[in-house]
2 protein chains.
Amino acid sequence: MNEIERFEAYLRAKHQKMTQPRRIILEAFLSTEGHLTAEAILLEAKKIDPGIGQATVFRTIRLIENAGLAREALQADGARTFEHLADHPHHDHLRCVECGKVIEFLNPSIEREQKKIFTQYSFEPRGHTMELLGLCPECQAKKRGEY
Amino acid sequence: MNEIERFEAYLRAKHQKMTQPRRIILEAFLSTEGHLTAEAILLEAKKIDPGIGQATVFRTIRLIENAGLAREALQADGARTFEHLADHPHHDHLRCVECGKVIEFLNPSIEREQKKIFTQYSFEPRGHTMELLGLCPECQAKKRGEY
DNA sequence: AATGAGAATGATAATCATTATCATAATAAT
DNA sequence: ATTATTATGATAATGATTATCATTCTCATT
Ligand SMILES: [Mn+2]
Ligand SMILES: [Mn+2]
Ligand SMILES: [Zn+2]
Ligand SMILES: [Zn+2]
């Protein structure tokens, strides 16, 4: 079952409707990689149909998220960003505080410890966010005056 | 050196001034525990001096943060929250997605692995955020119908 | 203690991302 | 095809944070 089909199944289960705008927004979103802002998704969707409204993008992103096809990536400054999960297993982020570069990684040992913490406090796991913040090698060089 | 003195030293180093509002806001902030929103800090500060303006609270929080006396706690919904670091070593958070309850913890093994990741990618560490999200025991009980 | 340049304050307006509203249009079950 | 229901998009509203700016406060210097 592909992403579109999964989205349709989700909507059916919720007695909601699959529509042209929703299909277009999902396609636009899936067509890109990385962390997208609602505005970026709107721009991409408008390439397919210029009539798409941004309210619909906000609404549809939430649907896609609830359908389990996307997750919110830790928001940088102003706007929230989202990343889709197609062919993209769980990972966390290492971000450069200077240039914003993002490296995705997965550390099994950390994931294991996190599970232990849920167990220790009898919490039912629902997810986690983790972002490591640092200065990337390039920005370190710039700081040193190597232009 | 206590918190107020550290704040004064920070301001002096930056050629900025210690003022009555700044002192009051810092005191109000320090007088509480937990994760405070700017508005909550304003309310606390107004108990000391009702004339304090909320713009000054926003400005002063940022100063306090840059002085290394506070950090932003992962924002829940709308408003950012801050927690002071006095007598409060580094920790991460386990939050209930239902009732918002927060448990603070520190896992040395995770901290160690995070350092390794910085090293692996040659990033100069600047910090990290981590929040585990789950359902607390009480909210699990409620979900089961035990009211 | 008085001065004065620079910095800070607080009231208010401005931003900007996200939500709410609502009249109109699209969807899907019958 | 009918129709009850839901979705859309334009627009206004919201709410947290920032910017503006005339007035007031600080503090190094006299
Ligand atoms: Mn990612
Ligand atoms: Mn905390
Ligand atoms: Zn960088
Ligand atoms: Zn709970």
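Below, chains carry the letters A, B, ... as their sequence lines are ordered, and counting in each starts from 1.
Side-chain atoms of A:Phe58 lie closest to C:dT18 of the nucleotides C:dA5, C:dT18, C:dA26. You'll find that the side chain of A:Gln16 is closest to D:dA7, out of C:dT27, D:dA7, D:dT17. If you check C:dG10, D:dT5, C:dA8 against the side chain of B:Thr19, the one that comes closest is C:dA8. Listed candidates were D:dA7, C:dT9, D:dT5. Nearest to the side chain of B:Pro21 is C:dT9. Comparing atom distances between the A:Arg22 side chain and each of D:dT8, C:dT9, C:dT27 picks out D:dT8 as nearest. When the nucleotides D:dT17, D:dT6, D:dG9 are ranked by their closest atom to the side chain of B:Ala38, D:dT17 comes out on top. The B:Ala55 side chain lies nearest to C:dT12 when the options are C:dT12, D:dT26, D:dA10. Out of C:dA7, C:dA17, D:dA16, the shortest distance to the side chain of A:Ala79 is found at C:dA17.
Each of A:His15 and B:Glu39 has a nearest nucleotide on DNA chain D; the 5'-most of these lies closest to A:His15. Comparing B:Phe82 and A:Leu63 by the nucleotide of DNA chain D that holds the closest heavy atom to each, the one mapping nearer the 5' end is A:Leu63.
Counting heavy atoms of neighbouring residues, nucleotides and ligands inside a 6.0 Å radius, atom CD of B:Gln120 exceeds 12 of them.
Side-chain N/O atoms of A:Thr56 include one lying less than 4.0 angstrom from OP1 or OP2 on D:dG9. Phosphate contact (OP1/OP2 of D:dA16, side-chain N/O of B:Thr37, threshold under 4.0 Å): absent. An OP1 or OP2 oxygen of D:dC27 is reached within less than 4.0 angstrom by no side-chain nitrogen or oxygen of B:Arg12.
Rounded to whole Å, the distance from CG on A:Leu43 to P on C:dA17 is 12 Å. Atom CD1 in A:Ile61 sits about 12 Å away from atom C1' in C:dA17, given to the nearest Å. Between the CZ atom of B:Arg62 and the C1' atom of C:dA7 there is a distance of 17 Å, rounded to whole Å. For the pair A:Lys14 NZ and C:dA28 P, the computed distance is 18 Å after rounding to whole Å. Going from atom CZ of B:Arg23 over to atom P of C:dA7 covers 19 Å, rounded to whole Å. Note: CD (A:Gln54) to P (D:dT11) measures 12 Å, nearest angstrom. One interatomic measurement links the two molecules: CG of B:Asp49 to C1' of D:dC25, which rounds to 14 Å at whole-angstrom precision. Rounded to a whole Å, the CD1 atom of B:Ile24 is 13 Å from the C1' atom of D:dC25.
Under the 4.0 Å criterion applied to side-chain N and carboxylate O atoms, B:Arg71 and B:Glu83 are assigned as salt-bridge partners. A salt bridge links B:Arg126 with B:Glu124: at least one charged nitrogen is closer than 4.0 Å to a carboxylate oxygen. A salt bridge links B:Glu138 with B:Lys101: the closest approach of a Lys/Arg side-chain nitrogen to an acidic carboxylate oxygen falls below 4.0 angstrom.
Exactly one of B:His88, B:His93, B:His84 qualifies for a ring-ring contact (aromatic ring centres under 6.0 Å, His included) with B:His35. That residue is B:His93.
Atom CD1 of residue A:Ile110 and atom CD of residue B:Glu111 lie 9.0 Å apart, to the nearest 0.5 angstrom.
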